[in-house]
Structure formats: structure tokens, C-alpha cells
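Take a look at the structure below.
None of these values were measured; they are calculated from a predicted model.
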Amino acid sequence: MPTYDAILDAPPCRLGAVFTGDALTRLDFLPANTPVSHRPDGRARQLARELDAYWHNPAHPFDLLCVPQGTPFQLRVWRALMAIPAGRPITYGALAKQLGTAARAVGQACASNPLPILIPCHRVVGQDGSLTGYVGGLPVKQYLLELEKRYA
């Protein structure tokens, strides 16, 4: 397990944050019983404020320095994910068609996403609208999609 700079409370779980300098580089879903950080630094407090704004309005644009590490293809997919509006899921196939690639490749890039929620891979669903694979588990994916649907 990585060493986290902060562990924050979130409605469906806890979130472990890793920063490199001022940039958020990793956000992991952790079990709900993971102890939270009692004295988060300024970076973590800003992340907590941004996430709180998201929980209250999923269309909230994150204003946080984030530097995801990935291949050029992964970065391309992650940029496309960030353009998907909250409450408007898209299928792996439709996203793959937009990017001129295969649905499986999009799925693999989603699975490698180091900044879930901020890079909203939870907004990508199966061809029939079913929930498929998510780094935080399907209950968390369902929670996020339902939250966003209420505000869409």
C-alpha cells in the first residue's frame, strides 16, 4: 500500500491522496473504516474542499493542480473522460469510436486511471448501460453515477 499524504473522508469510502510537490498525482479508494488524517496540510485541505463541492454539485469543475502519470494514449483517454458531463454516462464503445480506438483499450486506460472522480472514468458504462469494472468497486461506481444523475 502506498504512503498517503492524506486520507480523506468521502461518502462512499475513504480516499488516499498522494501529492508530488503541489500536484495531486494519485487518489485511491480505501475501505470506509480507514482512519482519516487529523491534520491535513494545505494541499489536502484544498482537495477536501474540492471534493466537498463535488459531493454537493457533481458538475463542479475541479480547480486543483493534478498531474496524472500515464502513457500518451492513457492521457488522451483521460482528457476525453474529463469532457464527459456529469450525469451523462457514455459507453466504452462510443468513447472508443470518438477516439478512433477499441473499447477494450479505453477500458484498460480507465482501469489505469490514477485520479478517479477527478478523471471521471465512472461515467463509462457497458454497451447495454450496465456497470462494468471500476477501481473503487461497482457499488462506488453506482453511488457516483446516482449522485450525478440527481444533479443532471
Residues pairing under side chain to side chain donor-acceptor pair (under 3.5 Å) where one sits in residues 94-109, two or more places apart or in two chains, turn out to be none
For Asp128, check side-chain hydrogen bond (donor to acceptor under 3.5 Å, both in side chains) against everything at least two apart and list the hits.
Ser130
Do any side-chain atoms of residues 10-24 form donor-acceptor pairs under 3.5 angstrom with protein atoms, and if so which ones, sequence neighbours left out?
from: Arg14; atom 1: NE; to: Thr34; atom 2: O; distance (Å): 2.7
from: Arg14; atom 1: NH1; to: Asp9; atom 2: OD1; distance (Å): 2.5
from: Arg14; atom 1: NH1; to: Ala32; atom 2: O; distance (Å): 3.4
from: Arg14; atom 1: NH2; to: Ala32; atom 2: O; distance (Å): 3.4
from: Thr20; atom 1: OG1; to: Thr25; atom 2: OG1; distance (Å): 3.3

Connected via hydrophobic side-chain network under 4.5 Å: Ile117 and Leu64:
yes
Taking only residues at least two apart or on different chains, which pairs with a member in residues 126-149 satisfy ring-ring contact (aromatic ring centres under 6.0 Å, His included)?
Phe29-Tyr134
Approximate separation, where rounding is to 0.5 Å, of Cys66 SG and Glu50 CD
8.5 Å
Show me the pairs that pass salt bridge (Lys or Arg N to Asp or Glu O under 4.0 Å) and involve residues 27-40, at least two apart or across chains.
Arg26-Asp28
Which ILVMFWY residues can you reach from Val67 by hopping between side chains whose heavy atoms are under 4.5 Å apart?
Leu65
Is there a path of hydrophobic side-chain contacts, each under 4.5 Å between heavy atoms, that joins Leu115 and Val140?
yes
So CD1 of Ile84 and CG of Leu95: to nearest 0.5 Å the spacing works out to 5.5 Å
Leu51 versus Phe62: any side-chain heavy-atom pair under 4.5 Å?
yes
Is Gln74 reaching over with its side chain to a backbone N or O of Val106, donor-acceptor style, under 3.5 angstrom?
no
Between Cys110 and Val124, the two heavy atoms sitting closest are SG-CG2, 4.2 Å
Check side chain to side chain contact (heavy atoms under 4.5 Å, CB included) between Pro40 and all other residues, then give those that pass, not counting sequence neighbours.
Ala44, Arg45
Name every donor-acceptor pair, under 3.5 Å, that has one atom in a side chain of residues 145-152 and the other anywhere in the protein, sequence neighbours excluded.
from: Glu146; atom 1: OE2; to: Gln142; atom 2: NE2; distance (Å): 2.9
from: Glu148; atom 1: OE1; to: Gly87; atom 2: N; distance (Å): 3.3
from: Glu148; atom 1: OE1; to: Arg123; atom 2: NE; distance (Å): 2.9
from: Glu148; atom 1: OE2; to: Tyr54; atom 2: OH; distance (Å): 2.6
from: Glu148; atom 1: OE2; to: His122; atom 2: NE2; distance (Å): 2.8
from: Glu148; atom 1: OE2; to: Arg123; atom 2: NE; distance (Å): 3.2
from: Glu148; atom 1: OE2; to: Arg123; atom 2: NH2; distance (Å): 2.9
from: Tyr151; atom 1: OH; to: His56; atom 2: O; distance (Å): 3.4

Rounding to 0.5 Å, atoms CG (Asp52) and CH2 (Trp55) come to a distance of 9.5 Å
In Å and rounded to the nearest 0.5 Å, what is the CG to CZ distance from Leu99 to Phe73?
6.5 Å
Tyr92: ring pair (Phe, Tyr, Trp, His ring centres under 6.0 Å) partners, not counting sequence neighbours
none
Interatomic distance, SG@Cys121 vs CH2@Trp78, rounded to 0.5 Å, equals 9.5 Å
Among Leu27, Leu118, Val135, Ile119, side chain to side chain contact (heavy atoms under 4.5 Å, CB included) partner for Asn113
Ile119
Heavy-atom side-chain proximity of Pro120 to Met82 below 4.5 angstrom:
yes
Which heavy-atom pair separates Pro68 from Leu75 by the least distance, and what is that distance?
O-CD2, 3.7 Å
Checking Gln127 now: which residues fulfil side chain to side chain contact (heavy atoms under 4.5 Å, CB included) with it, not counting sequence neighbours?
Thr91
Run the side chain to side chain contact (heavy atoms under 4.5 Å, CB included) test against Ala53 and tell me which residues pass, sequence neighbours left out.
His60
Closest approach of Gly126 and Thr132, non-hydrogen atoms and distance?
N-OG1, 3.9 Å
